[in-house]
There are 2 protein chains.
Amino acid sequence: MDRARGALAQRSKRITIHEVAEDAGVSKTSVSRYLGEERKLLSETLQTRIEASIARLGFRPDRIASSLRGRRTRLIGMVVADITNPYTVMMMHGVETACRRLGYTLVVCNTDRDTELERKHLEVLRAYSVEGLVINTLGQERETLQQLVEEGLPIVLVDRQVEGIDVLTVGLDNRQAIRLGLDHLAECGFEEVLYVTEPLAGISSRRERVEAFETQIQARSGQLTGALLTLDGDHQDQALISRLERLLRESTAPAVFCANAPVTLRVCQALDRLGALKDIGLIAIDEQDWSALVAGGITTLAQPTDAIGEAAMTALVQGGHDGGGEPSHRVFPATLKPRGSTTARAKPMHSNA
Amino acid sequence: MDRARGALAQRSKRITIHEVAEDAGVSKTSVSRYLGEERKLLSETLQTRIEASIARLGFRPDRIASSLRGRRTRLIGMVVADITNPYTVMMMHGVETACRRLGYTLVVCNTDRDTELERKHLEVLRAYSVEGLVINTLGQERETLQQLVEEGLPIVLVDRQVEGIDVLTVGLDNRQAIRLGLDHLAECGFEEVLYVTEPLAGISSRRERVEAFETQIQARSGQLTGALLTLDGDHQDQALISRLERLLRESTAPAVFCANAPVTLRVCQALDRLGALKDIGLIAIDEQDWSALVAGGITTLAQPTDAIGEAAMTALVQGGHDGGGEPSHRVFPATLKPRGSTTARAKPMHSNA
DNA sequence: TTGTACGCGTTATCAT
DNA sequence: ATGATAACGCGTACAA
């Protein structure tokens with residue numbers, strides 16, 4: 001009967017440190033000290049008495065009150081663009097692990113690729129006084145970010161940086177990843193590479209990858225030719241299907257280079273519809289559960305997602321002021337996982353020509 | 001220089017409602033009223049003056065302080081067993097959407113299938129005075145849960161219920177799902193069905209599915225024969241491989257029924273190693289990104305994950321006391337997505353025999 | 001080593 | 001319709 005109706009219950013009556021103090025016959029201060037860093041300042045007697053009272057009353061400190069006065073919330077906010085992306089989930093996992101190790105609680109918000117939602121989430125996290133922010137941004141809320149930075153809130157950007165926002169960044173070494181991929185494709189004897197990406201839309205990692213692709217295709221002009229296809233927002237992918245069809249028809253040793261996991265899925269679906277999953281070279285950034293199961297095994301460039309997530313948290317806590325000046329941009333190398341989609345395909349085609 | 005070194009910064013100096021009140025020449029009370037539900041009690045004049053001051057000073061209310069006095073945190077805690085499970089992610093998505101609609105912020109904690117971690121997360125969420133809890137439990141922390149229930153904290157269990165804990169539950173209609181699956185397999189002409197599951201370990205949905213499978217295989221004894229395989233913790237799966245090999249050898253129309261997404265992945269990996277992905281019937285609970293791409297398309301029993309997530313939040317907010325008595329256990333039906341792994345396989349085998 | 005007293009930013013209560 | 005003031009539960013100078 002004492003529950004609120006039609007809405008969630010208020011915080012119920014709690015045991016407070018005041019009551020513990022009374023029960024133990026000590027002052028609030030001593031109880032507070034027992035709970036915090038200064039426990040060693042207390043005498044044995046008090047410690048045991050307090051401990052007993054806490055247990056007897058079932059006291060649990062109130063983090064809310066604690067952070068109001070103590071100004072430490074022990075909360076870290078994380079904003080991710082797309083929680084259905086396996087990269088996001090695995091990277092979150094790394095952040096989470098580091099949080100646990102460091103005694104923080106992680107509040108995760110998903111923007112669902114909606115930039116307006118990104119702004120709202122950032123405001124809410126700010127309102128809860130998170131002590132730091134790990135952001136996988138959509139890149140459109142520069143002003144909101146800038147404001148947060150100016151307030152002195154520690155921020156780390158993951159996978160994507162934003163021009164003009166000077167904060168720590170952690171992500172993949174995109175040039176190295178593309179180079180590794182193209183080297184592999186060349187070695188396997190592929191000749192024509194179609195790079196498929198989602199719209200760049202101010203997302204730095206996508207842009208960096210495309211630029212690296214174009215630059216390095218240039219540098220291999222005797223060996224490889226390249227083309228670019230940008231998928232649009234609606235998931236019709238009719239353009240993708242036609243493009244792949246043409247590639248299959250016109251090239252003697254064609255390959256597709258997928259920019260990330262969502263692209264890989266769409267490319268595979270398109271190839272599947274063409275019945276051509278095994279008729280073309282395929283390499284993709286981002287390892288996924290099912291990479292080994294499709295198209296004779298998809299060759300991938302795996303990101304060290306756990307390391308990236310943990311590095312993000314570490315950077316956040318350390319503040320990254322290693323001597324001052326520019327904030328650091330930490331990158332991690334990709335690892336090539338060769339599978340059938342490249343290794344079992346090119347040479348026969350080569351001998352065909 | 002004013003930043004903390006070696007640790008995250010303290011909350012920086014904020015604009016408070018006190019300062020806004022001064023700036024606008026009104027009392028704190030009026031500002032607080034302006035911010036809350038009682039805005040309509042204020043005169044036009046005050047409203048515009050306060051609005052102006054808030055904008056000028058860039059004031060943002062402090063949710064921490066607000067919840068200390070107001071006893072409403074607007075926080076919902078969610079504890080999930082495995083964030084790498086696609087079911088979990090999609091269901092989270094539903095919870096999240098509902099939270100947004102209702103004005104709550106979601107704090108997600110992942111237990112990584114570690115029961116000790118589940119306990120710790122629950123304690124932390126309690127310490128932050130979340131107003132409600134959505135839990136995908138491992139089922140081992142009955143006492144912790146019971147304690148939370150007794151404190152009057154609203155709780156909803158998702159996918160799994162715990163014996164003796166009387167709280168709202170939302171999940172799949174497991175009997176219906178199994179029936180739908182077996183009907184389909186029978187229709188397609190399969191004769192022998194191997195049901196593969198992870199260890200039951202007190203997880204109600206797994207148990208319910210197995211029981212439904214066994215019961216319904218009984219009821220179809222002329223048509224189908226069944227067997228059960230429980231995967232163990234280590235991901236060696238040698239036993240699984242041998243079992244599948246034997247099934248392929250001995251049965252004329254064999255099929256595998258996968259209990260959930262993680263099982264499906266392991267079964268596919270095992271079949272892939274046997275080079276038999278297309279030589280056996282395959283049906284799985286849980287739709288995944290790649291369901292259509294593997295084994296000629298895996299037939300799935302899709303859960304309405306968004307609806308389940310939203311129902312969980314709705315139940316939480318409404319309190320679910322629809323007349324008193326037992327708390328409700330709401331179930332949602334699965335949807336059959338027939339694909340090649342069943343439709344393109346059985347009949348030819350049938351004619352073989 | 002221990003206790004007293006005040007403040008964190010807000011909302012609830014009571015008064016006007 | 002508006003304001004003054006006391007809490008909320010805890011941390012922390014400062015005093016003892």
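Note that these values count all heavy atoms, side chains included, but never hydrogens, waters or copies made by symmetry.
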Starting at the 5' end of DNA chain D, which residue's closest nucleotide do you reach first, T45(B) or R63(A)?
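Taking each residue's closest nucleotide, the earlier one in sequence belongs to T45(B).
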
Considering every strand and a 4.0 Å limit on heavy-atom distances, what is the contact class for [X]: base, sugar-phosphate, or nothing?
{"X": "V26(B)", "value": "sugar-phosphate"}
{"X": "L42(B)", "value": "sugar-phosphate"}
{"X": "F59(A)", "value": "sugar-phosphate"}
{"X": "I17(B)", "value": "base"}

Residue-phosphate contact under 4.0 Å: [X] side-chain N/O, [N] OP1/OP2:
{"X": "S27(B)", "N": "dG3(D)", "answer": "yes"}
{"X": "S32(A)", "N": "dT12(D)", "answer": "no"}
{"X": "S30(A)", "N": "dT2(C)", "answer": "no"}
{"X": "T29(B)", "N": "dG3(D)", "answer": "no"}
{"X": "S43(B)", "N": "dT2(D)", "answer": "yes"}

Can you check the [X] [atom1] to [N] [atom2] distance for me, whole Å?
{"X": "L35(B)", "N": "dT10(C)", "atom1": "CG", "atom2": "C1'", "answer": "10 Å"}
{"X": "Y128(B)", "N": "dG9(D)", "atom1": "OH", "atom2": "P", "answer": "18 Å"}
{"X": "R33(A)", "N": "dT2(C)", "atom1": "CZ", "atom2": "P", "answer": "9 Å"}
{"X": "R72(B)", "N": "dA12(C)", "atom1": "CZ", "atom2": "P", "answer": "11 Å"}
{"X": "E22(B)", "N": "dT10(C)", "atom1": "CD", "atom2": "P", "answer": "14 Å"}
{"X": "E38(B)", "N": "dT10(C)", "atom1": "CD", "atom2": "P", "answer": "16 Å"}

Taking donor-acceptor contacts at under 3.5 Å, does the side chain of K28(B) reach the base of dT10(C)?
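Such a pair is found, so the answer is yes.
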
Hey, is the side chain of R69(B) pairing donor to acceptor with the base of dT10(C) inside 3.5 Å?
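Donor-acceptor pair under 3.5 Å: no.
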
Passing candidate, side-chain contact (heavy atoms from CB on, under 4.5 Å) with L122(A), options R126(A), K120(A), E118(A):
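Going through R126(A), K120(A), E118(A) one by one, the side-chain contact (heavy atoms from CB on, under 4.5 Å) with L122(A) is satisfied by E118(A) alone.
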
Closer than 3.5 angstrom, by distance alone: can the side chain of T97(A) be matched with the main-chain N or O of H93(A) as a donor-acceptor pair?
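Yes; at least one donor-acceptor contact below 3.5 Å.
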
Which pair of heavy atoms, one from I155(A) and one from I135(A), lies closest together, and at what distance?
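Taking every non-hydrogen atom into account, CG2-CD1, 4.0 Å.
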
Carboxylate-amine/guanidinium proximity below 4.0 Å for R119(A) and E116(A)
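Looking at R119(A) and E116(A), the cut-off is met.
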
